[in-house]
Amino acid sequence: MRIHFIAVGGSAMHNLAIALKQKGHVITGSDDAIYEPSRTRLEKYGILPANMGWYPANITSDIDAVILGMHARADNPELLKAKEMGLKVYSYPEYIFEQSRDKVRVVIGGSHGKTTITSMILHVLKESGRSFDYLVGAQLEGFETMVKISDAGVIVIEGDEYLTSPIDRRPKFHLYQANIAVISGIAWDHINVFPTFENYTDQFKIFLQTIRPGGTVIYNQDDAVVQKIVDESAIDVSKKGYSLASNYIADGVTYLKTPDKDLPLQIFGKHNLYNIEAARHVCAELGISDEQFYNAISSFKGAARRLELLGKTEHTAVYKDFAHSPSKLKATIEAAKQQFPDRELVAVIELHTFSSLNRDFLKEYHGSMDLADTSVVFINRHTFEQKKMEPYGENVVKEAFGNSKLNFFNNNEILVEFLSSINYKGKNLLLMSSGDFGGLNLVQVAERALETVDKR
């Protein structure tokens, strides 16, 4: 088939383009701007557009399908030309569903933990020698792309609740019609499209209704909101709740208690122990024994930017994490404090998403950094301009977080100076954002922090 991607540079989009190119299809694409790592990866596979921009001439009658990315607008010139010509236009969730109609579809939903749970399942299936397809929101060690479409009988999909495309306002996870579904937890997010918590929660109620009859929903029964919507849903599926995996921490290592032995893990945090149980239940549905699961999960190192270790010494560790919502921020700080109870924690969060920067939503962060010994909030001053939002300053942030000792910065050079002034002996540094701290090299920030341990 000849397939054209509008907004090919997106994270999921460029990975799908590469996956389909590897499958033998003829792939073209366009975008108005493409950044790393998408640019280099598209160039490697011969899919990088020669010129940036939208060109109706790219849309020709020999195209079998057009795949539309969320980054494009509804009035995109190439989209309008494709519709005028009567070409088949898919969003990428629609295309994934079309390619997986005859497969067992595992869809991982929830406000947090989706990427990690999906990654855990993929890791276990791979270690167990299984054949499978997948769609995941992070680059994983040992996987060339974030998407794979083959003749495998199973596909594991990270079920994002954000909108499908500029011309389809349904959440992505409503389109997949799961045979096996997961809901990891519900905490209000994406307020630009779900203006109330009730509206946001409704999306998960609809998700439950999309599960195929006779299927299974695996859910976090310790989350009161999740438990309530599962209890109230009238659906012809098997409902299987999970709780926190039995564990303990010794010498900075988390051990999972299993029927056979205590298993040391390479990841940590209460949220990850919940994630493990969700993944174990899914793998059991796919015929993986608990013994196989535990043997495989012990070597799981985590998904990219999820409590990813940037460096450590005997007395210090530096991590980066994708945390950005209030629930993720609180869970990540709690994980770091529990894992290293004898160390102080310097926690830095960049507010970057539309929701996190929204002045009305900001109060949702109240108390979320209280466990940190030194709390830092960074907002790149240009982010307000890019998102066309009214800027605010230190006092607004401190009041919203309920933390008068919180440190606030809107200049990344001054942020680096502040972090470099700290002696990190006996302290850990946690850098959290879904952005890039205004272009900071976090590896260099980590190196400078670790140098202070040796010099002072």
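In what follows, residues are counted from 1 in the order of the sequence shown. Every heavy atom of this structure was used, including side-chain atoms; hydrogens, water molecules and symmetry mates were not.
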Quiz item: Where do K398 and E394 land on the salt bridge (Lys or Arg N to Asp or Glu O under 4.0 Å) test, with the steps shown first?
Solution: CA-CA 6 Å; K398 284 184 174 181; E394 179 177 7; 2.9 Å; yes
Between [X] and [Y], is there a donor-acceptor pair closer than 3.5 Å when you use the side chain of the first and the backbone of the second?
X: K239; Y: V230; result: yes
X: S38; Y: I34; result: no
X: T164; Y: R170; result: yes
X: N411; Y: I414; result: yes
X: S299; Y: A296; result: yes
X: Q339; Y: G252; result: yes
X: N247; Y: L256; result: no
X: N275; Y: T116; result: no
X: K205; Y: T201; result: no
X: D223; Y: I186; result: yes

So, for [X] and [Y], which heavy atoms are closest and what is the spacing to 0.1 Å?
X: L310; Y: A446; result: CB-CB, 3.8 Å
X: I27; Y: A17; result: CG1-O, 3.8 Å
X: Q203; Y: P171; result: OE1-CG, 3.4 Å
X: I67; Y: M13; result: O-CE, 3.5 Å
X: T254; Y: L273; result: CG2-CD2, 4.2 Å
X: M432; Y: A347; result: CE-CB, 4.0 Å

Exercise. Take I155 and F132 through the test side-chain contact (heavy atoms from CB on, under 4.5 Å) and record every step on the way to the result.
Key: CA-CA 6 Å; I155 184 167; F132 59 93; over 6 Å; no
Quiz item: Could you go step by step and tell me if V282 and I218 meet the side-chain contact (heavy atoms from CB on, under 4.5 Å) rule?
Solution: CA-CA 7 Å; V282 170; I218 294 161; 3.7 Å; yes
Without hydrogens or angle criteria, can the side chains of [X] and [Y] be said to hold a donor-acceptor pair below 3.5 Å?
X: S243; Y: Q221; value: yes
X: R306; Y: N272; value: no
X: R212; Y: N179; value: no
X: Y200; Y: S111; value: yes
X: E36; Y: T40; value: yes
X: H352; Y: D436; value: no

Non-hydrogen side-chain atoms of [X] and [Y] separated by less than 4.5 Å:
X: V124; Y: Q292; answer: no
X: E277; Y: R280; answer: yes
X: L419; Y: V346; answer: yes
X: I108; Y: I157; answer: no
X: F384; Y: I379; answer: yes
X: Y90; Y: L68; answer: no
X: N428; Y: V318; answer: no
X: L20; Y: V147; answer: no

Self-check item: Audit row: L307, I267, side-chain contact (heavy atoms from CB on, under 4.5 Å) steps and yes/no
Solution: CA-CA 8 Å; L307 275 174; I267 56 175; over 6 Å; no
Could you tell me if the ring centre of [X] sits under 6.0 Å from that of [Y]?
X: F194; Y: Y162; result: no
X: F173; Y: F207; result: yes
X: Y365; Y: F401; result: yes
X: F143; Y: Y134; result: yes
X: F418; Y: F409; result: yes

Quiz prompt | Worked check of side-chain contact (heavy atoms from CB on, under 4.5 Å) between T316 and L450 | solution = CA-CA 7 Å; T316 302; L450 295 175; 3.7 Å; yes
Can you confirm whether more than 12 heavy atoms, excluding those of [X], are under 6.0 Å from its [atom1] atom?
X: Y35; atom1: OH; result: no
X: E291; atom1: CD; result: no
X: E141; atom1: CD; result: no

Can a salt bridge be assigned to the pair [X] and [Y] using a cut-off of 4.0 Å between side-chain N and carboxylate O?
X: K425; Y: E451; answer: no
X: K228; Y: D231; answer: no
X: E308; Y: K301; answer: no
X: K330; Y: E334; answer: no
X: D373; Y: K337; answer: yes
X: K257; Y: D262; answer: no
X: K114; Y: D160; answer: no
X: E285; Y: K240; answer: yes

Practice problem: I would like to know whether H366 and N403 meet side-chain hydrogen bond (donor to acceptor under 3.5 Å, both in side chains); could you show each step before the answer? | Solution: CA-CA 8 Å; H366 193 279; N403 189 338; over 6 Å; no
Quiz item: What do the steps show when you test S433 against E350 for side-chain hydrogen bond (donor to acceptor under 3.5 Å, both in side chains), and what is the final call?
Solution: CA-CA 5 Å; S433 176; E350 177 187 17; 2.5 Å; yes
Quiz item: Given D133, which of K103, K23, R105 fulfils the salt bridge (charged side-chain N to carboxylate O under 4.0 Å, His left out) condition?
Solution: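 For D133, the salt bridge (charged side-chain N to carboxylate O under 4.0 Å, His left out) check succeeds only for K103.
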Exercise. Just do the side-chain hydrogen bond (donor to acceptor under 3.5 Å, both in side chains) check on T118 and T115 with the steps written out, would you?
Key: CA-CA 5 Å; T118 307; T115 300; over 6 Å; no
Practice problem: On the 0 to 90° scale, with breaks at 30° and 60°, tag the Y242-H281 ring pair as parallel, tilted or perpendicular. | Solution: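 Judged by the thresholds at 30° and 60°, the geometry between Y242 and H281 is tilted.
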Quiz item: Rounded to the nearest 0.5 Å, how far does CG of D290 lie from CG of D260?
Solution: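 Going from the CG atom of D260 to the CG atom of D290 covers 9.5 Å.
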Practice problem: Would you please test F97 and Y176 for ring-ring contact (aromatic ring centres under 6.0 Å, His included) and show each step? | Solution: CA-CA 6 Å; F97 175 72; Y176 298 125; 7.9 Å; no
